[in-house]
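In what follows, a single structure is set out as structure tokens and then discussed.
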Amino acid sequence: MGNRRRAPERSRTKTKPAVIGGMIAVVVGGAGFGVYALYGGGAVADAGSASGGKAVKSGPLSAAEVRSTATAFLKAWQSGDVEKAAAATNDSTAARTLLTGYGKEAYIEDVTLTAKKRSGDAVPFSVKGTVTYKTLTKPLAYESELSVVRRVKDGKPLVDWHAAVVHPELEDGDKLVTGEAGTPPVKALDRDGGELTTAKYPSLGTVLDGLREKYGKKAGGKAGVELRVVRAGSEGADDKSKKDTKKTGSSDKNPDKTLLELSEGTPGTVRTTLSPALQATAEQQVAAKSKASAVMIKPSTGEILAVANSGHGFNTAFQGSLAPGSTMKIVTASLLIDKGLASVNKVHPCPKYSTYGGWKFQNDDKFQIKGGTFKASFARSCNTAFISQAKELSDDDLTKQAQQVFGLGMDNWAIGVPTFDGSVPVQSQAQMAASLIGQGGVRMNPLNMASVVATAKTGTFHQPYLVAPTVDDRTLAKATRSLSASTQSQLKELLQYTAAAGTAAEAMAGLGPDFGAKTGSAEVDNQKKPNGWFTAWKGDLAAAGVVQQGGHGGETAGPIVAALLKAGS
């Protein structure tokens, strides 16, 4: 994108500690072996105290300190000594609450913890136990991890407390509960009536969780008994968690999750708009790349036909919050055309550099187009052609265009599962200019960008949806105005030319003539390669994809989107 200050990437959810799967079994307690002997040495004495004139130990933790601290915590947890286990952490209050609930609310007993090979300050471990609720009993097994840190005030090594230590699916504020499920299970169907399962479509796990959360009680099912993660702020959470979540909205974005089913419930049925063939194609395409996500929709209606992520723990396709790079130029181009600042076949500046708000922006490889048209600049993805117009715009012009025409950033989409609806905040000076090319504070995901290109194709925003609004009488979001006939015609011409002869041509080869596309590359702090974006339409199909840390969008996300469009033709 050029040598500018990069916009940091933000996420709507908190980052959870990683789970490492090294498998060198070291049993903590039990079977006649003590913790002391297993680690080959005694516990390390405290490194001194800030009181009494003793030096406070600092610096990196030794291997012995990590091992002995982890051992003390795991041994106490396994033996049921919650107070001692909590005292071995750097947040004893939170640890005490969650570890107490582990037995009293989750009904997990007979716990065996098996440490794995240390990796730096981290110690992976496995958990085996039994969940017993009334007359129901079922074994439980999973992997987790803890990290050890040094307390600043006295140098003492302690377990760095996060809820994910207890179970990797937990976020801070969540808890584990066993009992009758808060919501009945659902049987999700594709548009043809076939069942949607993670066995068929591995990346649909978060979507299916969201469908159950939304429709479990409405679909006519009966709840079973299960061990589940209850999110902070959900119906099963305590009053404080509910209150805190009203401020953040996190319960709406991250549904409760079933971990173990002790007795089956009777599922209700929910039909979705997903196409089985296109969903299979999307899964196959994103699986071939690391950190890839894609969405396909039907522009004339907004029906979501496919959604897939190569990472299955978070639904980046629906909930990601990433700078969209030059794909945002679709929205900006419509704004410039509306205001008479650009026209498809009129000469438009594309210099090597353009300065605004104290920042100097440039094009990829510092190219320039002398005497070229706006169409040529759009197709080549010339940054300075857009930055040069910043001085003619008000700070809120792009925000209004995104909200009023493309339905973005209003936080009111109701597709049937949680989504992030894009964000185009009002900014000033250099950040406003950067927003024009999809950097600054602009944040999107593939669902948002598939909707953007669909709006450009039809001229009117149709809110995407996964479950028909007639199922639960939802009101779909609407934009306050459509593209004018002139702006829509020119915008389609820009996208068609880009697909035929611009940066999207290689990926879109053979898919014309009723098509249009835009590429994008978004710089992110501390990433060597930018995120690669691509969004396109063909006929009554629109799709968008992103490959994080992939590089140029035409080369990375482009083939994914093109394969989806080809499969749907």
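The analysis underlying the following values was restricted to heavy atoms, covering all of them including side chains, and did not include hydrogens, waters or symmetry mates. Just so it is clear, the model here is predicted, and its values are computed rather than measured.
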Item to complete: Evaluate the side-chain contact (heavy atoms from CB on, under 4.5 Å) criterion for residues Arg228 and Lys257: first the C-alpha distance (whole Å), next the side-chain angles of each, then the deciding distance (0.1 Å), finally the verdict.
Response: CA-CA 5 Å; Arg228 68 187 185 279; Lys257 186 176 184 66; over 6 Å; no

Discussion item. Go through it in stages, so that I can follow the logic: the residues are Asp91 and Thr89, the test is side chain to side chain donor-acceptor pair (under 3.5 Å), and I'd like the CA-CA distance, side-chain angles, deciding distance and then a yes or no.
Written reply: CA-CA 5 Å; Asp91 190 344; Thr89 74; over 6 Å; no

Item to complete: Step by step, work out the side chain to side chain donor-acceptor pair (under 3.5 Å) result for Thr132 and Glu109.
Response: CA-CA 7 Å; Thr132 301; Glu109 54 189 33; 3.1 Å; yes

Practice prompt. Test Asp209 against Arg212 for salt bridge (charged side-chain N to carboxylate O under 4.0 Å, His left out), laying out the working first.
Written response: CA-CA 5 Å; Asp209 288 341; Arg212 177 178 179 178; over 6 Å; no

Fill in: Stepwise side chain to side chain donor-acceptor pair (under 3.5 Å) test for Ser147 and Asp121
CA-CA 6 Å; Ser147 294; Asp121 295 340; over 6 Å; no

Worksheet item: Passes side-chain contact (heavy atoms from CB on, under 4.5 Å), Thr130 versus Thr137? Steps please.
Response: CA-CA 7 Å; Thr130 302; Thr137 298; 3.2 Å; yes

Item to complete: Check step by step if salt bridge (charged side-chain N to carboxylate O under 4.0 Å, His left out) holds for Lys138 and Glu261.
Response: CA-CA 8 Å; Lys138 207 163 189 178; Glu261 198 173 56; 5.9 Å; no

Discussion item. Run Val111 and Val127 through side-chain contact (heavy atoms from CB on, under 4.5 Å) and show every step you take.
Written reply: CA-CA 7 Å; Val111 178; Val127 181; 4.3 Å; yes

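Judged by distance alone, with hydrogens and angles left aside, the side-chain atoms of Arg150 form a donor-acceptor pair with the main-chain N or O of Pro60 at under 3.5 Å. Between the Asp190 side chain and the Leu274 main chain, no donor and acceptor come within less than 3.5 Å of each other. At least one donor-acceptor pair closer than 3.5 Å links the side chain of Thr535 to the backbone N or O of Ala543.
In this structure, Val307 and Phe318 approach most closely via the heavy-atom pair CG2-CE2, 3.6 Å. Between Ala232 and Asp174, the closest heavy-atom pair is N-OD1, 3.0 Å. Shown here for Gly440 and Ala434, the closest heavy-atom pair between the two residues is N-CB, 3.6 Å. Scanning both residues, His167 and Leu176, for their nearest heavy atoms gives CB-CD1, 4.4 Å.
Counting only heavy atoms from C-beta outward, the side chains of Leu189 and Thr272 never approach each other to under 4.5 Å. Contact annotation: the side chain of Val561 never approaches that of Trp533 to less than 4.5 Å [non-hydrogen atoms, C-beta and beyond]. Side-chain atoms of Asp160 and Leu146, non-hydrogen and from C-beta on, never get closer than 4.5 Å to each other.
The aromatic rings of Trp77 and Phe125 sit perpendicular, their planes meeting at an angle over 60°, well past the 30° parallel limit.
In summary, Lys116 and Glu145 do not engage in a salt bridge, as defined by a charged side-chain N under 4.0 Å from a carboxylate O.
More than 12 heavy atoms of other shown residues, nucleotides or ligands fall within 6.0 angstrom of atom NZ in Lys218.
Under the salt bridge (Lys or Arg N to Asp or Glu O under 4.0 Å) criterion, no residue pair touches residues 264-290, with sequence neighbours excluded.
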